[in-house]
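In what follows, a structure is listed as structure tokens, so that the remarks can point back to it.
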Amino acid sequence: MNSPELFSLLAARAPAAPLALARITVALAALLHVPPSWHVLEQLVQPTTLRLPYVAGMLPVTATAVPVVLGIWLVAGILFMLGWRTRWTGSFLAAILLAMVLFDEQTYSNHLYLLSLVVTLLVLANSGVIFSLDARQRGLEATVPAWPVFLLQMQLSIVYGFAAVSKLNGVFLSGLVLVMQVPPLSVVHGLIGTTAVALLAIGLSILTVVIEAMLAVWFWSAARLPVALALGLLLHSGTVLLMTPRLELAVFSLTMFALYLLFLDARPASRIVVWNDSSSMCAVWVRWLRRLDWFHIPTFHGSSNPEVCPATGVTLEQTDMTLQLIEPEGRYVGFAALGRILELLPISFLWAPLLRLPGVRQIGERLYRWYVARRSCDLQVPLNTDISL
Amino acid sequence: MRNLDREFKAGRSALMSIAKSRKSSKEMENKPLQALVRLGAQLQDWAVTAFILLWLTIQIGVPLWQLTNPRATRFGWQMYAVVKHPLQITAVRRDGSRVQLTASRYLAYFRSDFQPGYIRALGTHLCRVEPSLQAVELLQQPEGAFVRQSCSIETLQ
């Protein structure tokens with residue numbers, strides 16, 4: 001039976017590997033939030049502390065319940081990260097996080113709320129099918145339903161979008177929030193004067209709104225994705241380094257970085273890398289790139305394979321000179337190819353777009369040409385190069 | 001002489017019609033099962049579609065609605081949208097002396113998005129936990145919300 005267009009999202013599948021890595025990152029974020037939540041709960045159960053339940057007469061948190069709640073949180077978080085009975089442990093974790101959000105007005109926080117939503121969607125997406133103990137027992141799967149992944153991606157846009165819109169008020173745009181929340185601005189005040197600090201704060205406030213609005217939209221564009229990643233890294237690094245509470249902001253940043261992974265075009269074997277396999281130094285690079293390529297996005301082919309050049313349209317001379325990356329959108333060579341490969345690897349996808357910056361790119365290309373000129377070609381290192389293209 | 005050819009053809013057509021009727025009866029048995037499976041898949045699709053629409057409606061609708069309320073509110077992703085001014089608490093003792101109290105001793109975590117009634121609730125709470133007080137004055141900037149709570153017997157009850 002042909003599915004109607006309306007249900008095309010329901011039938012679609014998404015790569016499982018980025019989702020699994022997102023699961024591990026989000027679980028880590030949830031675990032990092034245990035200490036500050038412990039502190040809040042311990043304060044809340046003190047007799048001198050005011051209780052602010054959402055609904056009058058709601059069951060209060062008791063001193064004996066605090067270690068139970070935190071214990072479940074810790075255990076569920078660790079097991080969810082390891083991917084053991086992922087759907088169950090994720091459900092427990094999501095329930096605990098949501099309960100924490102709703103216990104009392106004082107236990108609410110935006111990043112806890114976001115964590116509970118993201119964990120819920122990760123459970124629905126069956127994020128334990130790979131990189132997990134469940135996968136070791138039951139066998140791994142390469143794809144997951146696409147509709148929860150779509151909802152996770154939408155959550156990123158919703159958070160950034162409303163964060164930007166809510167800051168469109170006189171108080172924020174006047175710079176007052178940043179002056180009060182960013183201590184270094186107060187330090188700078190002694191150096192450059194009140195007017196300059198005010199102008200700087202206003203400028204940074206406007207920039208913050210613009211960046212958040214861009215991030216809400218640009219992640220959906222393949223062409224703008226590298227810029228979005230770099231801006232996101234800049235925004236969240238800035239908040240963690242310059243603002244408090246630092247740990248909670250780090251938790252929020254980790255959660256958002258986990259969602260960034262879902263926007264990568266992580267189709268396995270969707271790119272081809274052709275490299276000079278007569279060079280031992282190139283072999284070392286390729287060996288490391290393969291080790292870090294957890295999503296198996298590019299396939300690596302040595303130029304000595306006679307089928308490679310005709311199939312890819314790359315000449316032997318070109319491969320001898322520089323690394324070649326062929327993808328559906330086009331071809332990258334040399335330093336640009338290396339940068340593009342790094343943009344596809346989980347450990348470098350966040351910062352690798354910075355290699356495209358003017359200045360950085362020129363320096364990188366110069367270093368690459370110097371490296372190519374100096375590499376040794378007299379030692380052949382046997383490497384299991386892929387043959388089928 | 002018997003017409004064997006005619007008998008053969010008649011027998012063959014009889015066999016074929018028996019085979020057809022058996023096949024169609026098997027198909028008849030499978031069709032309800034297939035229909036059930038198709039119905040189950042359709043219901044699942046509709047359920048997932050309904051969930052997606054409900055999820056997006058809540059995730060977009062609630063923050064939109066919160067934008068119509070004064071900042072900051074919760075469940076609206078209004079992180080650092082406004083300044084979090086500290087709450088000033090002045091306690092008036094029974095001897096008339098005034099002392100500043102720190103909110104962190106009586107609140108687990110101070111947030112700028114508490115519901116407006118929290119100031120009065122805090123005043124009542126302070127009277128209850130600090131019996132030596134005659135009154136409590138609470139000032140919340142920037143809106144300048146001021147509450148003076150008298151710690152009478154009625155307040156403690």
Against chain B, label [X] side chain, backbone, both or neither, depending on which of its atoms sit under 4.5 Å from a heavy atom there.
X: A:Q181; result: side chain
X: A:N110; result: both
X: A:P145; result: neither
X: A:S109; result: both
X: A:L114; result: both
X: A:L52; result: side chain
X: A:Y160; result: neither
X: A:P36; result: neither
X: A:L112; result: neither
X: A:L173; result: neither

Hey, is the main chain of A:T48 close enough, under 3.5 Å, to the side chain of B:H125 for a donor-acceptor pair?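 Pair found, side chain donor or acceptor close to backbone of A:T48.
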Ignoring hydrogens and geometry, is there a side-chain-to-backbone donor-acceptor pair from B:R111 to A:Y108 under 3.5 Å?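 Yes, B:R111 side chain to A:Y108 backbone: donor-acceptor pair under 3.5 Å.
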I need the residue from [options] with the largest number of non-hydrogen atom pairs under 4.5 Å to chain B.
options: A:L121, A:V179, A:L124; value: A:L121
options: A:L44, A:T107, A:L117; value: A:L117
options: A:Y113, A:Y54, A:F172; value: A:Y113
options: A:L41, A:V177, A:V171; value: A:V177
options: A:V101, A:V209, A:I158, A:V165; value: A:I158

Could you tell me if the side chain of [Y] sits less than 4.5 Å from the side chain of [X], heavy atoms only?
X: B:Y109; Y: A:H39; result: no
X: B:V48; Y: A:L9; result: no
X: B:Q59; Y: A:Q155; result: yes

Could you measure the distance from the CG atom of A:L50 to the CD1 atom of B:I119? Nearest 0.5 Å is fine.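 With rounding to 0.5 Å, CG (A:L50) is 11.5 Å from CD1 (B:I119).
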Could you give the distance from OG1 (B:T49) to CH2 (A:W147), rounded to the nearest 0.5 Å?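 Here the rounded value is 9.5 Å.
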Between B:I52 and A:L10, is the side chain to side chain contact (heavy atoms under 4.5 Å, CB included) condition met? List the steps. CA-CA 10 Å; B:I52 292 170; A:L10 305 180; 3.9 Å; yes
Inspect the surroundings of [atom1] in [X] and state if more than 12 heavy atoms from other residues, nucleotides or ligands are less than 6.0 Å away.
X: A:R13; atom1: CZ; answer: yes
X: B:Q44; atom1: CD; answer: no
X: A:W220; atom1: CH2; answer: yes

If the contact rule is any heavy atom under 4.5 Å from chain A, which residues of residues 75-82 of chain B qualify, in numerical order?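 At a heavy-atom separation under 4.5 Å, chain A is reached by B:F75, B:G76, B:W77, B:Q78, B:M79, B:Y80, B:A81, B:V82.
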So, for [X] and [Y], which heavy atoms are closest and what is the spacing to 0.1 Å?
X: B:D113; Y: A:E105; result: O-OE1, 4.3 Å
X: B:R105; Y: A:T49; result: O-OG1, 4.3 Å
X: A:V40; Y: B:A108; result: O-CB, 3.6 Å

Heavy-atom distance under 4.5 Å to chain A: side chain of B:L67, backbone, both or neither?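 Just the side chain, heavy atoms under 4.5 Å.
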Side chain, backbone, both or neither of B:T73 within contact of chain A (heavy atoms, under 4.5 Å):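 Neither; nothing under 4.5 Å.
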Step by step, would you call A:F150 with B:L56 a side chain to side chain contact (heavy atoms under 4.5 Å, CB included)? CA-CA 11 Å; A:F150 169 73; B:L56 289 175; 4.3 Å; yes
